[in-house]
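Here is the structure we will look at.
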Amino acid sequence: MTPLWMQNADMPPPSARPLPNRVDVLVIGAGYTGLSAARETAAAGRSTLVLDAGELGAGCSSRNGGQVAYSIKPTFNSLRAKFGEDLAFRICREGLDAVTYLRSLAKQWDDCGWRDDGCFFGAHTPRHFRQMAHDAENQPRGLEQRISVVPRTEQHGEVATDFYHGGCVYHDDASVDPTRLLLSLLRRAQESGAWVMDRCPVDAIQSTGDGFEALTPQGIVHARQVLLATNGYSGPLSPWHRRRVIPIGSYQIATEPLGADRVRSLIPRGRNIVDSRRVVVYYRPSADGERIIFGGRAALAEKDPLACVPRLRTMMARIFPQLKSVRVSHAWVGWVAYTFDTLPHLGQHDGIYYCMGYCGQGVPLAPHFGRRIGQQMLGLEEGRTALDGLPFPSRPYYHGRPWFLAPSVFAYRLIDAIGI
Ligand SMILES: Cc1cc2nc3c(=O)[nH]c(=O)nc-3n(C[C@H](O)[C@H](O)[C@H](O)COP(=O)(O)OP(=O)(O)OC[C@H]3O[C@@H](n4cnc5c(N)ncnc54)[C@H](O)[C@@H]3O)c2cc1C
């Protein structure tokens, strides 16, 4: 099913130009990462080709929740224990910088439905609430976000439910229309001189000594540099990367139009909502404020998104019993890329650049790190990041099919149900 975001989007027609024979830079994957990198390399005068296997928007970048938040998953304390104080601080700063960068682009371009409405983070248990309140009051110096603690008695000002035990408002969080953001990045990459072709998979890459040869059904492209920006869609093209990212389906539904007043009665401040369960759900008003868009991990093993509608509806109705009988008009899925250390990774392997692994939070991270990897391809000092040189871990017996996902989701559901 088409994601709600793409329904009325002005998607460009497929490229009619023939494949070029030779370019300076070949970017594989036309999502936020690939287009952000291509914009950098093209603007610097490097002939840049972006190829995508599917139609434009086939990946996550057209179909996500559009929630923009500080998105480095490991806590500062866990990073400090692993990498020391200085690197932990710099990794966390990347997360803040990513939001600042996206905000500056969105405000300057004014065409991606940016909204500075913040996010309500609901506590699933009283213990989660106490932990959240403690964390909000003890933020690491230099990494502070504007956070208000909302006790349960006041939570109806944020979300019309008794499902949570209070929560926190993250005032610096924001939202975008994901497809409009994709089209904005596409336009800017093209204006910088990048050439973007969809429906053209790269089936193999071979080193030629002074560059690479990429095989596609439409011919061979020679490129001096190659960037793999395939994130959760990383397939057999590069087994090394495939062993390092865990593709996980994230499912979303949109309700039928409920009317702006009704949506406002459910989410009075129009914020994004997430909660502290292990199997996270996330929801928000649609860009026009008429519907609720609700998402999460709806199945143990991957399924057709339509088959997930009943479960997502039930999950939504547990929070909003008022919505028990509303119709769902859209359902869709996309593949996010988790990593074994829950950090994004960028760098080079066998001479091929890569940038991926946002663990379901690439709306701010992918444009930020995409830009940085583009700058690294140009040899620019400003492209350096705190994540450079970190090992990109895999696991024995893992080759890209996450057999452990269903039992993990099952265990997490149990933990959520027990309320630990
Ligand atoms: C339902 C859902 C909700 C989400 N909600 C949020 C959210 O609210 N906030 C947030 O921060 N993040 C969210 N995310 C995650 C976010 O959308 C992604 O992290 C981000 O879009 C990744 O961008 P990308 O450019 O790296 O990858 P993608 O946009 O996935 O692009 C990868 C592209 O690579 C292409 N490709 C793969 N192999 C080849 C090949 N061999 N040849 C050519 N092309 C190839 C694919 O076709 C694909 O288009 C969500 C994701 C989903 C699915």
Side-chain angles (χ1 to χ4, degrees), residues 3-5 26-38 49-71 73 95 98-99 102 119 173-179 181-182 185-186 196-205 214-217 221 226-238 241-242 245 247-254 272-274 280-284 293-298 305 308 312 331-338 344 346 354-370 373:
L4 173 70
W5 309 111
L26 170 64
V27 175
I28 306 173
Y32 301 150
T33 304
L35 293 172
S36 303
L49 172 68
V50 185
L51 294 181
D52 200 287
E55 296 173 17
L56 190 83
C60 288
S61 298
S62 61
R63 60 194 56 232
N64 55 67
Q67 301 201 3
V68 181
Y70 167 81
S71 294
K73 277 208 180 292
V99 176
L102 187 57
C119 177
D173 287 10
S175 59
V176 285
D177 176 323
T179 303
L181 175 61
L182 180 76
L185 288 166
L186 171 73
V196 182
M197 273 180 78
D198 60 356
R199 299 170 171 90
C200 186
V202 175
D203 294 326
I205 316 169
L215 272 58
T216 82
V221 189
V226 173
L227 167 64
L228 206 57
T230 48
N231 206 45
Y233 296 76
S234 301
L237 178 62
S238 174
H241 294 92
R242 204 180 185 193
V245 290
I248 300 183
S250 189
Y251 298 78
Q252 277 191 301
I253 52 173
N272 306 326
I273 318 267
V274 291
V280 172
V281 301
Y282 52 94
Y283 48 103
R284 55 170 283 193
I293 298 183
F294 188 94
R297 175 72 201 174
C308 294
L312 282 172
W332 65 95
V333 64
W335 305 100
V336 303
Y338 265 69
L346 70 168
Y354 61 85
C355 184
M356 57 184 63
Y358 311 111
C359 302
Q361 298 195 279
V363 175
L365 296 180
H368 170 71
F369 287 116
I373 198 74

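The chain is numbered in sequence order, starting from 1. First listed ligand is number 1; within each ligand, the first listed atom is number 1.
- Asp173 places no side-chain N or O within donor-acceptor distance of the main-chain N or O of Cys119, the cut-off being under 3.5 Å.
- Although no hydrogens or angles enter the test, the distance criterion places a donor-acceptor pair under 3.5 Å between the side chain of Arg63 and the main chain of Gly57.
- Using a distance-only test at 3.5 Å, with no hydrogens or angles considered, a donor-acceptor pair links the side chain of Trp5 to the main chain of Asn64.
- Partners of His241 according to the ring pair (Phe, Tyr, Trp, His ring centres under 6.0 Å) rule, which considers only residues two or more places apart in sequence or in another chain, are Tyr354.
- Protein residues with a heavy atom closer than 4.0 Å to ligand 1 are Ile28, Gly29, Gly31, Tyr32, Thr33, Leu51, Asp52, Ala53, Gly54, Gly59, Cys60, Ser61, Arg63, Asn64, Gly65, Gly66, Gln67, Pro201, Val202, Ala229, Thr230, Asn231, Tyr233, Leu237, Ser250, Gln252, Tyr282, Gly334, Val336, Tyr358, Gly360, Gln361, Gly362, Val363, Pro364, Ala366, listed by chain and number.
- Tyr233 contributes a side-chain N or O that, together with a main-chain N or O of Trp335, makes up a donor-acceptor pair within less than 3.5 Å.
- The closest donor-acceptor contact from the side chain of Thr33 to the backbone of Gly370 lies at 3.5 Å or more, if one exists at all.
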